Trainee: 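Please read through the structure below; I'll follow up with questions.
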There are 2 protein chains.
Amino acid sequence: MNLRERKKRRTRDALLRAALELFATRGYEETTVDDIAAAVDVSQRTFFRYFAGKEETAFFVPRLAETLVVEALRTRPPDEVPLEALRRAVLESWDAINEAVVELVPIELHLRVYRVIESTPALLAAHLRRSAELEEQLAGIIAEREGLDVDADPRPRIVVALFGGVIRVTERLWSTGGDLTLDGMRELTTTYLDQVGPALAGNWRAEQSP
Amino acid sequence: MNLRERKKRRTRDALLRAALELFATRGYEETTVDDIAAAVDVSQRTFFRYFAGKEETAFFVPRLAETLVVEALRTRPPDEVPLEALRRAVLESWDAINEAVVELVPIELHLRVYRVIESTPALLAAHLRRSAELEEQLAGIIAEREGLDVDADPRPRIVVALFGGVIRVTERLWSTGGDLTLDGMRELTTTYLDQVGPALAGNWRAEQSP
DNA sequence: AGGCTAATGACAGCCACTGACAATTGACAA
DNA sequence: TTGTCAATTGTCAGTGGCTGTCATTAGCCT
């Protein structure tokens with residue numbers, strides 16, 4: 001990698017970190033693109049040559065994570081049942097995610113940004129849309145594993161939708177809760193996934209009384 | 001309702017219809033607020049006095065629908081099991097929705113706008129965020145019906161998340177498919193909801209072979 | 001060293017949206 | 001009916017995100 005490319009990567013990383021740092025401290029809406037550019041001492045125009053928009057900086061790390069989850073699902077043993085494959089793919093990709101993220105951004109900063117995403121309407125909306133796209137991908141992989149046509153058989157999209165729903169509920173709880181560790185997330189996720197059966201089961205009240 | 005109020009409602013309705021008409025024909029991104037204001041012959045500033053933003057016009061009808069669904073769930077007989085209550089609330093509120101919408105906007109226009117929402121990234125994102133908020137409300141109602149604390153017991157949020165996932169998959173299929181009738185939607189929804197059990201069931205492949 | 005190409009900055013402009021102030025128009029009492 | 005008050009609207013100016021254009025700079029390669 002020659003000087004030119006090294007310089008480019010340095011500028012991009014600097015912009016990324018400056019942006020996330022500002023988002024985490026000052027808030028997303030309160031940070032202007034000019035602020036970010038100024039923090040790295042480049043022109044605003046240059047910022048837009050590295051990122052398609054302010055939003056893209058906020059989702060740089062999540063995008064990485066998604067890639068790894070997709071990859072993890074693709075390499076799951078084909079004998080696993082769909083829900084099981086999804087569960088394990090997610091749970092086991094977190095270590096890889098963690099590793100990849102640290103290269104780019106202090107993990108603690110990412111966590112703070114994650115809370116900003118969940119609490120900023122514009123970012124939450126973008127996050128949900130991205131999740132929907134991820135789910136579409138995952139459904140495709142599941143269908144392939146099972147030898148099905150995604151458009152003919154509704155089950156792949158349904159499981160993934162169910163799974164995604166649980167993940168999102170979990171994410172929100174985790175991001176607003178106190179325990180911001182990886183293991184905390186893992187634990188929450190397994191607990192919640194185990195609730196899918198009971199939640200669908202007919203009468204909750206009947207189960208409560210002995 | 002005096003002249004002043006009548007005039008206001010007329011302006012708002014005109015803006016709303018003009019906006020939706022433009023979105024449906026020209027596309028959302030391609031229509032500017034100035035276009036909408038010009039179509040009704042008011043200033044751009046006036047548009048923003050009636051709607052918080054361009055987006056709000058696109059979601060005016062969906063907002064109405066959401067209100068009616070929430071209401072429908074609230075009046076469901078308390079002996080129904082959660083998933084059943086949700087299903088019936090949604091299926092049975094469509095008539096009421098249909099009725100309320102026609103007052104405001106030709107139903108055919110609404111359907112065209114709905115497709116624009118699903119196919120415009122910015123609007124899809126907003127739509128998903130609104131859905132998440134709706135789900136939070138529904139979870140609260142379910143918890144109340146069952147005498148539970150939403151934050152202590154995960155099941156209300158889980159069922160609603162599952163349910164919402166299925167609805168969204170259905171919506172997308174419906175909006176891109178050919179049959180844009182109410183009954184088509186109803187039928188698709190019931191079919192898909194009936195797939196939740198099978199989709200969660202362990203081994204799809206085993207079930208396929210006799 | 002010098003020409004080539006990619007990266008950057010400076011500038012102008014579009015669009016969504018907001019605050020401020022003045023002009024207009026309906027409401028209501030005298 | 002008219003005059004006053006309050007609500008509605010238009011105009012203007014400004015901010016922030018984002019894009020196109022063009023000249024300048026800086027690394028690359030022979």
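Protein chains get the first letters and strands the later ones, always in sequence-line order, with residue 1 at the start of each. Values below: all heavy atoms of this structure, side chains included; hydrogens, waters and symmetry mates excluded. On a predicted model such as this, the values are computed, not experimentally measured, just so you know.
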Trainee: Without decimals, in angstroms, what is the distance between Asn2(A) CG and dC29(D) C1'?
Mentor: 11 Å
Trainee: Hey, does the side chain of Tyr50(A) come within less than 4.0 Å of dT8(C)'s phosphate (OP1/OP2), counting only N and O?
Mentor: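 Yes, because at least one side-chain N or O of Tyr50(A) sits under 4.0 Å from OP1 or OP2 of dT8(C).
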Trainee: To the nearest Å, how far apart are Gln44(A) CD and dC14(C) C1'?
Mentor: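 To the nearest whole Å, that distance equals 13 Å.
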Trainee: Taking the side chain of Lys8(A) as its heavy atoms from C-beta onward, which of dG20(D), dA16(C), dA7(C) lies nearest to it?
Mentor: dA7(C)
Trainee: Taking CD from Glu5(A) and C1' from dA7(C), how many angstroms apart are they, rounded to a whole number?
Mentor: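 From Glu5(A) CD to dA7(C) C1': 13 Å.
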Trainee: Answer with yes or no whether Arg49(A) presents, from its side chain, a donor or acceptor under 3.5 Å of a partner atom in the base of dG9(C).
Mentor: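 Check passes, donor-acceptor contact within cut-off.
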Trainee: Does this structure show an ion pair linking Glu146(B) with Arg155(B), if we count only N-O contacts that are shorter than 4.0 Å?
Mentor: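 Looking at Arg155(B) together with Glu146(B), the answer is no, because their closest N to O distance does not fall below 4.0 Å.
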Trainee: Val42(A) or Phe47(B): which one's nearest nucleotide on DNA chain C is closer to the 5' end?
Mentor: Val42(A)
Trainee: Between atom CZ in Arg45(A) and atom P in dC11(C), what is the gap in whole Å?
Mentor: 15 Å
Trainee: What class does the angle between the rings of Tyr114(A) and His127(A) fall in, given that below 30° is parallel, 30 to 60° is tilted and above 60° is perpendicular?
Mentor: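 Rings of Tyr114(A) and His127(A): perpendicular, over 60°.
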Trainee: Between dG9(C) and Thr46(A), is there an OP1 or OP2 to side-chain N/O distance shorter than 4.0 Å?
Mentor: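 For Thr46(A), the contact criterion (side-chain N or O under 4.0 Å from OP1 or OP2 of dG9(C)) is met.
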Trainee: Is Asp13(B) paired with Lys8(B) through a side-chain N to carboxylate O contact shorter than 4.0 Å?
Mentor: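 Salt bridge: no.
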Trainee: Between Thr11(A) and Glu55(B), just flag the one whose closest nucleotide in DNA chain C comes earlier from the 5' side.
Mentor: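 The residue closer to the strand's 5' end, by nearest nucleotide, is Thr11(A).
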Trainee: Out of His110(B), Arg17(B), Arg12(B), which one pairs with Leu104(B) under the side chain to side chain contact (heavy atoms under 4.5 Å, CB included) rule?
Mentor: Arg12(B)
Trainee: Does Lys7(A) place a side-chain N or O at less than 4.0 Å from the phosphate oxygens OP1/OP2 of dG27(D)?
Mentor: yes
Trainee: Regarding Thr32(A), tell me which of base, sugar-phosphate or nothing describes its non-hydrogen contacts under 4.0 Å with the strands shown.
Mentor: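 Touches sugar-phosphate only.
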Trainee: Which nucleotide sits closest to the side chain of Arg4(B): dG17(D), dG20(D), dT8(D)?
Mentor: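 Closest nucleotide to the Arg4(B) side chain: dT8(D).
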Trainee: Roughly how many Å is it from CG in Asp41(A) to C1' in dT25(D), rounded to a whole number?
Mentor: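 My rounded result for the distance is 15 Å.
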Trainee: Write down the distance between CD (Glu29(B)) and C1' (dG17(D)), rounded to a whole number of angstrom.
Mentor: 13 Å
Trainee: To the nearest Å, how far apart are Arg10(A) CZ and dG27(D) C1'?
Mentor: 13 Å
Trainee: Is Arg6(B) side chain donor-acceptor paired with the dG26(C) base, going by distance under 3.5 Å alone?
Mentor: no
Trainee: Can you figure out which of dC17(C), dC28(D), dG17(D) approaches the side chain of Lys54(B) most closely?
Mentor: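 Closest nucleotide among those given: dC17(C).
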Trainee: In whole angstrom, what separates Asp35(A)'s CG from dC18(D)'s P?
Mentor: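 Atom-to-atom, Asp35(A) to dC18(D), this comes out as 14 Å.
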Trainee: Do NZ/NE/NH1/NH2 and the carboxylate oxygens of Glu5(A) and Arg10(A) come within less than 4.0 Å?
Mentor: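 No, Glu5(A) and Arg10(A) are not salt-bridged.
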